[in-house]
Amino acid sequence: MNALLATVSADADSGRPILDAATREVVGYAPEQTVSDLESAISAAAAAQPAWATLGHAERSRLLREVADDIEAHAEELGLIVTQEQGKVAGAGEAHGAAHWLRGAADIVLEPQQLGGDAELHYVPLGVVASIGPWNFPVMIAVWHIAPALRMGNTVVIKPSEHTPLSVLALVEIFRRHLPDGVVSAVSGDREVGAALAAHPGIAKIVFTGSTATGRRIVASSASNLARLTLELGGNDAGIVLPDADVAGIADELFWGAFMNTGQVCAALKRLYVHDSVYDEMVAALADRAAAAPMGSGHDKQNRLGPIQNPSQFDIVARLVDDARARGARIVTGGEPAPELGPLFYRPTIIADVQDGAAIVDEEQFGPVLPVIRYTDLDDAVRRANGTEQGLGASVWGPDPDAAAEVAQRLEAGTVWINQHGGVDPAIPFGGTKASGYGLEFGVEGLKAMAATKVIRR
Ligand code: NAD
């Protein structure tokens with residue numbers, strides 16, 4: 001156990017064991033915190049908030065940069081915990097990403113707006129912000145929540161996913177070394193603790209990243225405390241490959257748009273519509289890459305793909321592939337677990353000759369599987385791409401950027417990428433439409449989402 005992990009892990013007799021996603025060995029123990037710990041954390045956050053707000057933007061930004069430097073200094077230690085409990089290759093990448101996002105939030109300029117006449121619009125703190133996160137990018141997504149909230153003068157109580165609490169506790173420990181007491185605290189608990197946090201009357205705002213089903217519950221509970229919401233929910237991103245696409249030129253980018261983090265990405269490419277004229281070539285190019293992608297423990301940096309993080313997600317992936325097979329879809333490569341690598345490894349899988357209506361197309365797989373769907377009529381492909389309830393991301397692939405941009409205009413998604421998929425940037429707003437949620441993160445819009453507006457007329 002590294003020194004950082006040792007500072008946050010509970011004892012074996014009081015904590016809940018957290019397993020290495022690849023080996024299923026115990027990594028450490030999550031403190032079992034309760035609703036009464038939550039009460040203390042919210043009280044401390046409320047007490048700390050006025051003084052934190054009074055520090056002003058320049059001082060808060062300076063402190064965020066200081067935390068970023070310390071995260072970088074501990075990137076290997078923090079990254080090791082991420083690799084252990086999440087499974088991903090090179091977990092330190094999340095630590096570096098977290099530092100980059102903190103600096104991004106510190107750098108953005110958000111001045112009061114002159115509205116003309118006698119009116120000015122100011123962005124003022126909300127109070128205590130609750131952050132509830134998922135297990136796929138535990139550290140990175142925690143910082144996506146915490147950084148803009150702190151920058152705008154709020155304090156934060158974070159409830160990490162019960163699958164990946166240790167890396168978030170370690171991250172918060174680094175924050176706490178630099179910030180006044182109560183400004184950021186973590187409460188490691190289960191879904192009940194999450195529900196109690198979301199419904200708490202002391203919370204002014206909830207930023208939630210997770211499934212659409214949980215998002216709906218949080219919306220319902222916000223009727224009681226009127227907490228403002230940013231909801232980053234599930235995705236089922238479609239990609240459309242146009243008839244004149246250069247298959248060899250785009251296949252790498254396409255493959256990693258779907259398989260990055262072993263497919264456990266909210267805005268991964270999850271359904272690919274390919275024109276008949278290039279369909280067979282595209283399926284073969286993707287299958288070659290899937291078969292060749294090195295999969296194994298995230299501790300071996302030669303690997304590019306790791307395990308599925310938890311058994312229930314593994315079962316979802318296996319069920320969706322088995323259902324596709326039973327419906328007559330063609331499993332071009334993969335289509336089965338890889339038990340020689342560990343219990344939660346599933347071979348990178350390309351599924352061809354599959355149609356909308358199959359669960360692997362209509363539902364979010366969140367794993368290393370890509371269904372490739374043939375189309376002949378572009379309008380029909382656009383209609384099918386828009387045919388699910390989600391609207392997080394989408395992409396269009398073809399050599400003519402104007403033609404691709406015209407298709408992008410017609411896709412129902414918060415972000416549409418052209419000849420790329422899934423890239424995000426601290427300065428560029430990101431968020432979903434339809435059942436993928438509402439509210440924006442990142443950029444100046446992300447800061448505004450962590451503030452109340454106040455008009456002053458003089
Ligand atoms: P999940 O909804 O099961 O859990 C997310 C968090 O919510 C956990 O911390 C959990 O303890 C908590 N929670 C559960 N029930 C709750 C309740 N009633 N009230 C409050 N909190 C509660 O999601 P998951 O399985 O951890 O994550 C996978 C999902 O997250 C996928 O659907 C994926 O697409 C989505 N996701 C979205 C984004 C995005 O930016 N849109 C990013 C990553 C993941």
Side-chain angles (χ1 to χ4, degrees), residues 16 30 32-33 35 38 85-86 88 94 97 101 130-145 157-165 167-169 186-200 203 206-222 224-225 227 229-237 260-270 308-317 320 363-367 388-393 413-415 422-424 429-442 446 449:
R16 185 171 54 84
E32 290 273 52
Q33 291 180 289
V35 172
L38 187 64
E85 67 177 359
Q86 204 288 326
K88 71 184 53 184
E94 271 203 46
W101 247 268
S131 152
I132 303 178
W135 47 261
N136 59 336
F137 285 90
V139 164
M140 184 91 138
I141 289 176
V143 165
W144 290 356
H145 293 181
V157 176
I158 181 164
K159 208 296 281 174
S161 167
E162 52 276 33
H163 294 293
T164 51
S167 55
V168 178
L169 293 174
V187 180
S188 154
D190 56 14
R191 297 172 160 256
E192 281 69 51
V193 175
L197 176 58
H200 198 284
I203 294 299
I206 301 163
V207 49
F208 171 73
T209 302
S211 64
T212 298
T214 306
R216 289 186 205 281
R217 288 187 199 106
I218 288 174
V219 172
S221 82
S222 74
S224 63
N225 58 5
L229 303 179
T230 295
L231 300 174
E232 298 286 0
L233 308 180
N236 193 0
D237 291 12
M260 184 198 158
N261 204 36
T262 318
Q264 300 162 114
V265 180
C266 54
L269 179 60
K270 295 186 176 129
I308 294 172
Q309 197 275 334
N310 62 76
S312 38
Q313 189 62 41
F314 182 91
D315 290 346
I316 291 172
V317 170
L320 294 175
E363 295 176 26
E364 183 186 29
Q365 64 274 48
F366 218 65
T388 64
E389 65 163 3
Q390 288 93 350
L392 188 56
T415 303
V424 287
F430 176 77
T433 59
K434 305 201 297 189
S436 292
Y438 49 77
L440 289 168
E441 297 191 89
F442 317 158

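Note that the numbering runs from 1 along the sequence shown for the chain. Whatever order the structure lists them in is the order used to number ligands and atoms, beginning at 1. Fair warning: this is a prediction, and the values are worked out from it, not measured in the lab.
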Checklist entry - Taking Ser436 for the side chain and Gly234 for the main chain, is one N or O donor matched with an acceptor at less than 3.5 Å? => result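 Answer holds: yes.
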
Checklist entry - Can you tell me if Gln86 uses its side chain to pair, donor with acceptor, with the backbone of Thr164 under 3.5 Å? => result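 Not a single qualifying donor-acceptor pair exists.
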
Checklist entry - When the ring planes of Phe366 and Trp135 are compared, do they come out parallel, tilted or perpendicular, using 30° and 60° as the limits? => result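 It falls in the perpendicular class, over 60°.
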
Item to check | Close residues, ligand 1: non-hydrogen atom nearer than 4.0 Å | outcome: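 Protein residues near ligand 1 are Ile132, Gly133, Pro134, Trp135, Asn136, Ile141, Lys159, Pro160, Ser161, Glu162, Arg191, Gly194, Ala195, Phe208, Thr209, Gly210, Ser211, Thr214, Arg217, Ile218, Glu232, Leu233, Gly234, Gly235, Cys266, Glu364, Phe366, Leu392, Phe430.
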
Checklist entry - Which atoms form the tightest heavy-atom contact between Asn136 and Lys88, and what is the distance? => result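 Closest heavy-atom pair between Asn136 and Lys88: O-NZ, 2.9 Å.
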
Next on the checklist: Testing the basics here: between Ala142 and Ile158, what is the closest heavy-atom pair and its distance to 0.1 Å?
Outcome noted: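 That would be CB-CD1, 3.5 Å.
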
Item to check | Qualifying salt bridge (Lys or Arg N to Asp or Glu O under 4.0 Å) pairs, either residue in residues 430-442, two or more places apart | outcome: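 Sorted result for residues 430-442: Glu412-Lys434.
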
